[in-house]
Amino acid sequence: MTIRREDYQPPSCLVESVELCFTLDPQSTRVRSRLQMRRRPGAPSAEFHLNGLSLEIVDLRIDGVPVDDPVFVDERLVLTAPAERFTVDSEVVIAPAENSTLNGLYMSQGNYFTQCEAEGFRRICPFPDRPDVMARYRVRIEAPRDAAPVLLSNGNLLESGDIAGREGWHYALWEDPFLKPSYLFALVAGNLVCTERRHRTGSGDEKLLQVWVEPGNEHKTDYAMTSLIHAIDWDERRYGLALDLERFMIVAVSDFNMGAMENKGLNIFNTKYVFANPLIATDTDFAHVESVVGHEYFHNWTGNRVTCRDWFQLTLKEGLTVFRDQQFSADMHAAQAGSADRAASARAVKRIEDVRLLRTVQFAEDAGPMAHPIRPDSYSEINNFYTVTVYEKGAEVIRMLDTLLGEAGFRRGIDLYFERHDGQAVTCDDFVAAMADANGRDLSQFSRWYEQAGTPILQVQRRWDESAGELTLTIRQFNPPTPGQSDKPPLLIPFAIALLDDQGNELPVRLAGEPASAAVTGTRVLELTDAEHELRFTGLGVRPTPSVLRGFSAPVLLRQPIDEVELARLAKIDGDAFNRWEAGQRLAVHAVLAVLGGADPAAGTDRLIDAMGHGLRDDRLDPAYRALLLTLPSEGYIAEQIDEVDPQALRAARADVRHRLHESLAADFERCLSTMADAGPYSPDPASAGRRALRNTALSALVDIGRDSAWREADSQLRQSQNMTDRAAAIGALINSLAPQREAALEWFRATYADEPLALDKWFTMQATMHRQPGDAPVLERVRALMARTEFSLRNPNRARSLISAFCSANLAEFHAPDGSGYAFWLEQVRAIDALNPQLAARLARALDRWRKYEPGRRELMHSTLRSLAAAPNLSRDVGEIVDKALTGG
Ligand code: TRP
Ligand code: ZN
């Protein structure tokens with residue numbers, strides 16, 4: 001069953017208020033609901049719909065009249081409104097302990113949690129479960145006090161106490177003063193403890209902030225609390241958006257399908273994005289906690305106060321909120337940097353990390369069978385569309401608006417958006433209209449970014465006219481076809497460019513025909529609107545090197561004939577930190593592709609080594625940035641640039657280049673080990689994290705080239721260090737080398753972290769992603785042995801992902817074993833997980849999306865494995881859609 005965007009109809013009946021009463025029990029929770037409903041003015045008929053799924057209906061009445069034989073077909077019951085205003089009463093029974101989908105009401109570690117986005121509320125009670133139905137909620141929760149001392153829901157606590165006549169039972173009554181769609185409903189109950197703070201906001205109000213966790217985890221909540229306070233202050237300062245509740249709660253749960261959820265006033269988080277202290281979390285984990293806490297908090301305005309009309313508009317809240325969390329993290333890191341130079345570098349590091357994710361994962365999605373516009377046109381299971389396209393490309397689209405309108409213009413647009421739409425459920429078009437109207441700009445061409453899937457290609461050609469002092473760039477835009485879309489008109493692309501002399505000085509950028517006063521010395525943003533542009537830059541005394549698409553000003557693929565000499569020069573002189581990094585990455589891709597094509601690694605890597613050595617030795621550069629310069633592009637990123645991928649050959653070629661690089665720069669790496677050492681106590685600030693990153697890059701390089709001393713150093717770092725960043729880096733280096741300490745190190749790590757589930761997840765992942773050394777058994781054998789351990793469980797998504805998804809998506813050479821054993825394993829696991837948790841299974845199913853990209857032998861094996869999955873009985877709608885698209889799409 002396909003849902004189409006063009007079929008949208010407003011609801012025929014609205015819900016004014018909802019009263020819910022939960023009587024909690026693991027096997028049979030009773031939910032009573034009373035909906036005050038009314039017909040929408042102008043609705044064409046009295047027919048209305050309630051959704052329901054996995055509900056045992058005890059009673060259902062409309063204005064007191066029982067509905068006879070209420071059967072939900074395709075999760076829907078069709079009814080008739082008896083009057084303008086009417087009441088729907090229901091009583092249902094659900095079984096949270098049996099609910100392994102982790103949607104609706106479920107249990108984790110004996111506690112109760114809900115997850116209602118996108119369509120989980122229908123697993124709780126009969127309701128028009130769609131985001132354009134916004135209502136006021138009042139919620140009563142009843143439970144035995146010993147099993148569930150804590151009872152939480154959205155909004156304000158009105159009352160709580162013992163239940164008269166029910167020995168040992170208590171209740172709590174919550175009311176959310178804001179209208180909200182059902183997907184933002186939340187309930188949490190059980191044995192939990194909280195850390196709390198009172199925080200005075202910019203406007204002077206005092207707010208109660210709480211972070212709830214299972215007892216014994218209180219010492220892991222500090223960083224999340226600090227991040228929440230930073231997020232509250234940042235949103236008020238940067239966007240004038242204040243916290244609108246007296247109380248704001250975060251709850252951590254260890255069984256969760258995604259990262260976190262922005263339920264009004266009661267955010268629910270995967271423990272992975274709450275728990276952080278030096279012994280269990282790496283610097284990267286700390287950064288993720290900060291950005292996810294920010295993300296969910298920022299949804300309070302971009303998502304909750306103004307929500308989505310329908311699920312096709314998902315990027316309205318997600319793209320915008322990702323953009324805001326990226327800005328937040330960049331500002332936080334810059335603020336801690338110390339100097340203006342270091343602040344700029346901290347921002348560049350964040351930008352590079354974001355672009356790296358976009359280009360490795362989103363570009364691949366956009367080139368494969370699941371390609372879709374950031375605002376999709378159809379789906380069969382909405383959970384499959386919480387994608388890197390909707391989130392990360394969506395954020396790039398917002399970033400382009402910010403670039404085109406400028407910071408002040410963007411803010412005017414945001415202000416108008418809230419002025420017009422606060423309290424409403426709206427569309428992406430409404431957002432773009434606010435941006436356009438606030439700035440007096442026509443953004444109709446820009447809107448195509450919402451409609452067209454696929455990554456645009458910009459082809460840049462150059463001509464230098466020495467006598468005229470003119471540089472001409474011919475820029476062609478191609479929008480390749482994607483499943484269901486061809487013949488796409490050109491997009492509006494912000495194109496940031498500077499012209500450099502040989503020392504990297506920026507020359508005036510002036511187009512022919514413009515007055516001299518129009519020249520900009522530095523970066524200039526030009527707007528590309530046509531399929532072809534000829535840009536003639538004039539008034540140039542020396543032949544310039546263009547630095548194009550600075551800061552990655554648009555999510556496009558750049559094709560320009562540029563030789564290694566020029567790349568090597570840009571890698572040393574480009575003042576745009578992003579482009580400087582990018583030049584080195586391109587050199588690295590060239591080197592790997594050359595070796596893959598049979599070239600001698602000794603010959604093809606000179607320029608790369610020279611450029612990387614230059615960066616490594618440049619002490620004026622921030623260590624975090626230097627660590628990024630020294631990191632080769634991932635196998636996945638390189639694979640996307642090859643036609644018939646042989647993942648094992650690719651791994652070997654990349655490892656060759658890496659090894660050469662490490663051998664050649666060994667002396668510099670040795671020096672880093674001491675100059676980047678940190679004696680003080682651990683702090684996750686970006687400067688300290690950067691020093692650790694560079695030092696650990698050096699350590700793993702020396703481990704890689706088989707230095708005995710480095711093996712010992714890594715082994716002692718693992719055992720002596722008091723922070724997870726250094727421990728994880730040390731063991732990661734060791735187990736991907738021939739070091740004799742490998743297995744003992746793994747055993748030490750397991751024993752040390754036996755009671756820390758998130759650290760054990762790392763233990764599983766580091767083994768699932770091992771690069772096999774000569775003489776080792778295939779990694780799949782290790783993965784199967786790990787699955788047999790008592791610590792392993794398919795039911796916990798973090799654990800299942802840490803082993804199975806890590807192997808299938810992050811160990812290309814092992815997963816794509818030529819005998820097809822990896823694919824057989826994938827088929828088994830997708831089916832086993834699908835029986836428990838379809839949403840999780842569908843994510844894993846995507847590991848075969850790019851089957852058409854591989855060399856013929858593997859392609860055929862993948863194709864037949866996909867056909868076997870398609871033919872399997874009882875596939876969920878989630879997995880069914882993924883496998884169907886993999887077989888038929890692009
Ligand atoms: N809205 C959540 C976010 O981006 C995403 C999310 C959390 C989600 N849990 C989910 C989406 C379950 C679908 C299903 O912050
Ligand atoms: Zn989100």
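We count ligands from 1, going down the list as the structure has it; atoms in each ligand are counted the same way.
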When you compare ligand 1 with Tyr386, is there at least one nitrogen or oxygen pair between them that comes in under 3.5 angstrom?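 No.
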
Close N or O approach (Gln839, ligand 1; < 3.5 Å):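 In this structure, Gln839 places no N or O atom under 3.5 Å from an N or O of ligand 1.
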
Can you list the steps and then say if Phe312 with Phe385 is a side chain to side chain contact (heavy atoms under 4.5 Å, CB included)? CA-CA 9 Å; Phe312 295 104; Phe385 285 81; over 6 Å; no

With a cut-off of 2.8 Å, does Glu318 place any N/O/S atom under that distance from the Zn ion (ligand 2)?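 Of the N, O and S atoms in Glu318, at least one lies under 2.8 Å from the Zn ion (ligand 2), which means yes.
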
Closest non-hydrogen atom pair between Arg795 and Leu836, with its separation: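 Minimum heavy-atom contact is NH2-CD2, 3.4 Å.
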
For Asp878, all residues meeting salt bridge (Lys or Arg N to Asp or Glu O under 4.0 Å), sequence neighbours excluded: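 Testing Asp878 for salt bridge (Lys or Arg N to Asp or Glu O under 4.0 Å), a comparison that skips the adjacent residues, returns none.
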
Run the salt bridge (Lys or Arg N to Asp or Glu O under 4.0 Å) test against Arg411 and tell me which residues pass, sequence neighbours left out.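 Applying salt bridge (Lys or Arg N to Asp or Glu O under 4.0 Å) to Arg411 gives Asp415.
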
Checking Glu296 against Asn267: is there a side-chain donor and acceptor pair closer than 3.5 Å?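 Checked: Asn267/Glu296 side chains show no N/O donor-acceptor pair below 3.5 Å.
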
For the pair Trp234 and Phe298, name the ring-plane relationship: parallel under 30°, tilted 30 to 60°, perpendicular over 60°.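 Ring orientation, 0 to 90° scale: tilted.
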
For ligand 1, the portion of Lys317 having any non-hydrogen atom under 4.0 Å away: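 The side chain, only.
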
Side chain, backbone, both or neither: which part of Met258 comes within less than 4.0 Å of ligand 1 when only heavy atoms are counted?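 The part of Met258 near ligand 1 is the side chain, not the backbone.
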
So is Asn383 touching ligand 1 or not, going by heavy atoms under 4.0 Å?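 The answer is yes, since Asn383 has a heavy atom less than 4.0 Å from ligand 1.
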
Atom 6 (C) of ligand 1: the protein heavy-atom neighbour that sits closest, reported with distance to 0.1 Å: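 Nearest neighbour among protein heavy atoms for atom 6 (C) of ligand 1, to 0.1 Å: Ala260 O, 3.7 Å.
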
